[in-house]
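For ligands, and for the atoms within them, numbers begin at 1 and follow the listed sequence. All values below were derived from every heavy atom in this structure, side-chain atoms included, with hydrogens, water molecules and symmetry-related copies excluded. Positions are given from 1, in the same order as the sequence printed here.
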Amino acid sequence: MQKHSLFPPSELVNEPLEQASTIPSAWYTDQRYHDVDLRFVYHHNWQYIGPAEHVGKTGDFITGIASGDPVILTRDEAGRLKAYYNVCKHRGGPLETEFCGHIRMLQCKYHGWTYKLDGSLRGVPRFERTDLFDKADFGLTPLRADIWQGMVFVNPGGSAAPLETIFHGIEETISPLQPGKLAYSNRMSYDVKCNWKVYVDNYLEGYHLPLVHPELCDALSYADYETETFDHYSLQHAPFQEDASDRAYYYFIFPNTMFNILPGRLQINAIVPVSTEMTRVIFDYYYSDISSPAAKKLIEDDQEFADRVQWEDIEICEHVQHGLRSVAYDKGRFSVDTEAGVHHFQQLLKREYQRFVHMSRQI
Ligand code: FES
Ligand SMILES: [Fe+2]
């Protein structure tokens, strides 16, 4: 079967919100679409890995997952940011299994091959009798990495627009928060039994607030909830009930990064597909103050509340995945008032699938 037969042209047409249908259920349940999502959509876009302070100096490292593959970022002897697949060239072992730390060189955890921080293979125990083996052929595979406002991202495909272009306009909205000066606090991870797009769709609308998150719905001024869409991202925002001069901002940067901004706090979500129907959702918390007793109390309350809301989302997303898999559903429609963000995401996804079809035809 030719790859692009997965995408009949009629499925990739972008209709205006008022006339559009939601994307077909097979896109959430069929492994073949999942493979395109990882190997093309994720591969060609930027993906959040973690706080840049974990790779501040030579030998610092941070690990993560990009497009489904393990990656490791470090700084070489010259202080340059480097990213590699966290995959040894001997038989695929991991170079690091911790989230972050400090090393002098990279050493595979399986049989101990070592690599310099520049990715070149250094030491190969007990290989004297192997014929025609040239260490120069077995250096680590690099990938593109960059830093924006204290956060590290990777772009495995290497051809995405620079981070400044992708994030253009976000800086101004969040500048009162001074994201580059926030301190990293901690990470929470949740495994959700749904396709990554179910989780993203759910994030992109406030329509479900009254029924799924009654407590959050009371805290925000639901009637003033707004959605704005841009080239590479969308923004939802709403004032707080108690103090309308403060707002909650929810940015979604295609395909998988979310910035949830409250006064003094930035929570980043990275949506990491594990399999077609399993998604890991990472929550990284940054605050303007992480050490005073008052700040610690605030952090505890903030994360307790976020955890409750997250479990509400997990429960509904898992039900939705089950529904999408059923014989009873293929496509739905959008609420023009409240689902512009979901429609925008699905348009960007179709744009990527169109590029995929175009490129497949050229091969
Ligand atoms: S897999 Fe890395 S040393 Fe064997
Ligand atoms: Fe939600």
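Put simply, the angle at the Fe ion (ligand 2) from NE2 in H208 to OD2 in D313 is close to 150°, to the nearest 10°.
The pair D118-K82 fails the salt-bridge criterion, with no side-chain N (NZ, NE, NH1 or NH2) lying under 4.0 Å from an Asp/Glu carboxylate O. At a threshold of 4.0 Å, the pair D201-K197 does not count as salt-bridged, since none of the basic side-chain nitrogens sits closer than that to a carboxylate oxygen. Salt-bridge annotation for R355 and E352: present, with a side-chain N of the basic residue lying under 4.0 Å from a carboxylate O of the acidic one.
Atom 2 (Fe) of ligand 1 has no N, O or S atom of H111 under 2.8 Å away, backbone or side chain. Here H90 fails the criterion, with no N, O or S atom under 2.8 Å of atom 2 (Fe) of ligand 1.
Taking a cut-off of under 4.0 Å to the non-hydrogen atoms of G93, the atoms of ligand 1 that pass are 1 (S). Those atoms of ligand 1 with a heavy atom of W113 less than 4.0 angstrom away are 3 (S). Taking every heavy atom of G112 and a limit of under 4.0 angstrom, the matching atoms of ligand 1 come to 3 (S). Within the listing of ligand 1, atoms 1 (S), 2 (Fe), 3 (S) sit less than 4.0 angstrom from a heavy atom of C108. Contact atoms of ligand 1 toward C88: 1 (S), 2 (Fe), 3 (S) (distance under 4.0 Å to a heavy atom of the residue).
Among the candidates I166, L235, I268, the single residue satisfying the side-chain contact (heavy atoms from CB on, under 4.5 Å) test with I253 is I166.
When heavy-atom distances to ligand 1 are checked against a 4.0 Å cut-off, Y110 comes that close only through its side chain, counted from C-beta outward.
Using a 30° and 60° split on the angle between ring planes, H90 and H111 fall in the perpendicular class, above 60°.
Here H232 contributes atom NE2 and T257 contributes atom OG1; the two are 13.5 Å apart, rounded to the nearest 0.5 Å.
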